[in-house]
Every structure is written in C-alpha cells, then in structure tokens.
Amino acid sequence: MRVESEVDPSVREPGAGQQAVGPIKEYGEIATPAPPASNVHVLSIVGQIEGHMVLPPQNKTTKYEHIMPQLVAIEQSSEIEGLLILLNTVGGDVEAGLAMSELLAGMTKPSVSIVLGGGHSIAVPIAVSCSYSIIASTATMTIHPLRLSGQLVIGTQQTYEYLERMQERVIKFVAEHSRCTPESFRELMFRTGELLRDVGTVLVGQDAVDAGLIDSVGSLSDALKKLDELISVRRRISRGDKGRQVH
Amino acid sequence: MLYTIMPLEDVFAMPSWGTGQSGSALEPTPSVPAVVGGVQVLVSPSYDGRNRVERVISTDPMDYLKPWLVPGTLV
C-alpha cells in the first residue's frame, strides 16, 4: 500500500484513478468492481469548526482548509450535481463558519443540510446557507450571544462594540438566508430563563422550524428526496437555457 | 474568535493537565493528511512504521465504502 506525502504533488497527480486498484493487486485479493459514482457528494461538518487557530488535539475538529477547496471542487465538477451537508457540531471559529456559509450560499449546485444531534452557535449560519435545510426531530440548535473568554463581564466600550459587530455579521447572514428576521433571531440569542448560566435558546427539532431557521423536520431519506427534486429542477432550467441560446 | 457552546476551558484544556505528567499514553497522536489510493485521508503513525487510517476526508460517499480506507487499517 502506498501512502504519498501531501506535499509531494509529483507523486500524486498522474493517474490517481489507477492507484485505487493498486493495493488490491498487491495483497493478491479478488478485484472488486469499482463502486458506482455518486452524483451527490457529502460533507460532514463535525466537532469544533477549526479556523485561524489550531485547537488542542483532544478536540474533534473540521478544518476550514479542508472544507473550502472541497466546496470549490464540487461546484466545478461536471459529475457532481448536488451536495449534502451533515451537521453535528458544537460551533467554533466565527470566521471559518461564516466563510463556509458564504461559499455554500454562493454555489449554483443545490445543497441540502441536515442538522443531526446538535448544530449549535456558528453551525446555525452553515445550516441556513444551503438551498434547503432539514433538522432531525431530536436534534438541537443552541442560539446564544458571542463571548470573548467564557465570561459575561465586558471590560471596555471597545470590547462591547467589537462583540456587537461580530454578532451582527452572524445575525445578518442568518436573517438573509432563512425565514427568521434579525429581530427575532436577536430575541432568541438574548432570551433569559432557558439556559442555566447564560442567555439564549435551545431549539429542539420542530422548534427550529417554527422559529423560521430550518425548512423542515426529517432525516436522510427526506434530504436525498429533496436534493433529487432540486437537481431535476436545475437540470430542467439548464436545458431550457441551452434551448434559448440555440434559437 | 470562537462561537461555541463548549466552555473555552474545555476547548483549550491540555489532555495531561491535572495528571502531573506530560506526553502520557492517553494523549492522542496528531494525525497528518495523506493520499491513499487517490483518496485524501488523515493518518497517524503506528508502532511498526506504518500509518493507521484515522479519518477519510473525501466528499465522495463511495470512498467511505472502500475496504482499504476503513479507519484503523494500516497502510
């Protein structure tokens, strides 16, 4: 079995497809037919969303340097027609989350997100950035204000304004890409009496749909069905466009 | 800047904190990106000089069915 270094493009680039059958031959195993190509690709965004800072190794992370080029590749690929986003994350870097959300929102290919388990904090803009969003009935989304270092005390006016502006970026994105208004999202962020040590809201399954953040409650089959639907709409539109160009 | 429900002291805690020992066996070995059979994966070095597949980072769902990329496999 060959493992090529990530930093050595000369070894990796030629005939990447042929390398896939290499290991089987080496071990003398029976050649298995190549699995059928899928027109839907999957990105799982799990654990902490890691951005500008490398987190200590006990954190399970999804790194922005992996996700962002993958989104570009999916948009550019001629075989891939749709994208499924699996979200089970506790949140993470604000700018990494916003960067992924902006890329997802800027794709022409249909995307469907499923919130499973938890889609908290910065996962909210990622979930709403897709063409269609689904939440599992048992999944939760926590909406709370941004904090500097885990404490609620803000020392200076500048710190407060900085936090406000960072928060505003998240609120604006969520409001632009969901049925939730900036006012109601802010209200969810600062609601008192729901979280033990903090202000904020925990939305479980249907609550997220009622709040206007997520489109529907469902799971994998619902997501794939919706994605197929969106893909066929896009195919019809692109056929229509080509027809118009001919005439 | 982190926007997460996880307390920051848990995010930034070092695994050996409080135990008085550093580099303990419980500390996870850092995994490095590699390409195996044309698929991007994260591997961690194993005791015999080979690498253990930790995680597949491909967007093609069919890559996850390839038997030589099952996490834990030595490559």
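In what follows, chains carry the letters A, B, and so on, assigned in the order in which the sequence lines appear, proteins first and then strands, with residues in each chain numbered from 1. This is a predicted model, so every value here is computed, not measured.
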### Query
Is the side chain of B/Y3 donor-acceptor paired with the backbone N or O of A/H144 at a distance under 3.5 Å, no angle test?
yes
### Query
Which region of A/S77, side chain (C-beta onward) or backbone (N, CA, C, O), has a non-hydrogen atom less than 4.5 Å from a non-hydrogen atom of chain B, or is it both or neither?
neither
#### Entry: Interatomic spacing from CG in A/L83 to OG1 in B/T59 - rounded to 0.5 Å
7.5 Å
### Message
Between B/T4 (side chain only) and A/V90 (backbone N and O only), is there a donor and an acceptor less than 3.5 Å apart?
### Response
yes
### Query
Looking only at heavy atoms, what is the nearest atom pair of B/R55 and A/T61, with distance?
NH2-O, 2.7 Å
### Task
Please confirm whether the backbone N or O of B/D10 pairs with a side-chain atom of A/Q58, one donor and one acceptor, at under 3.5 Å?
yes
### Query
So, the side chain of A/Q70 versus the backbone of B/I57: is there a donor-acceptor pair under 3.5 Å, distance only?
yes
### Task
Compare all side-chain heavy atoms of B/D60 with those of A/E79 and state whether any distance is below 4.5 angstrom.
no
### Task
Answer yes or no: is there a donor N or O on one side and an acceptor on the other, between the side chain of A/N59 and the main chain of B/V11, under 3.5 Å?
yes
### Query
Tell me, do B/I5 and A/T142 make a side-chain contact under 4.5 Å, heavy atoms counted?
yes
### Query
Considering only heavy atoms, which portion of A/T62 lies under 4.5 Å from any heavy atom of chain B: side chain, backbone, both, or neither?
both
### Query
chain B: which of A/V94, A/I74, A/V170, A/I80 shares the most heavy-atom pairs with it under 4.5 Å?
A/V94
#### Entry: Contact check, side chains of B/P61 and A/V40, non-hydrogen atoms, under 4.5 Å
no
## Note on the structure
When every non-hydrogen atom of A/L146 is compared with those of B/M1, the smallest separation belongs to CD2-SD, 3.6 Å
### Query
Can you name the closest pair of heavy atoms from A/P56 and B/A13 and give their distance?
CB-O, 3.9 Å
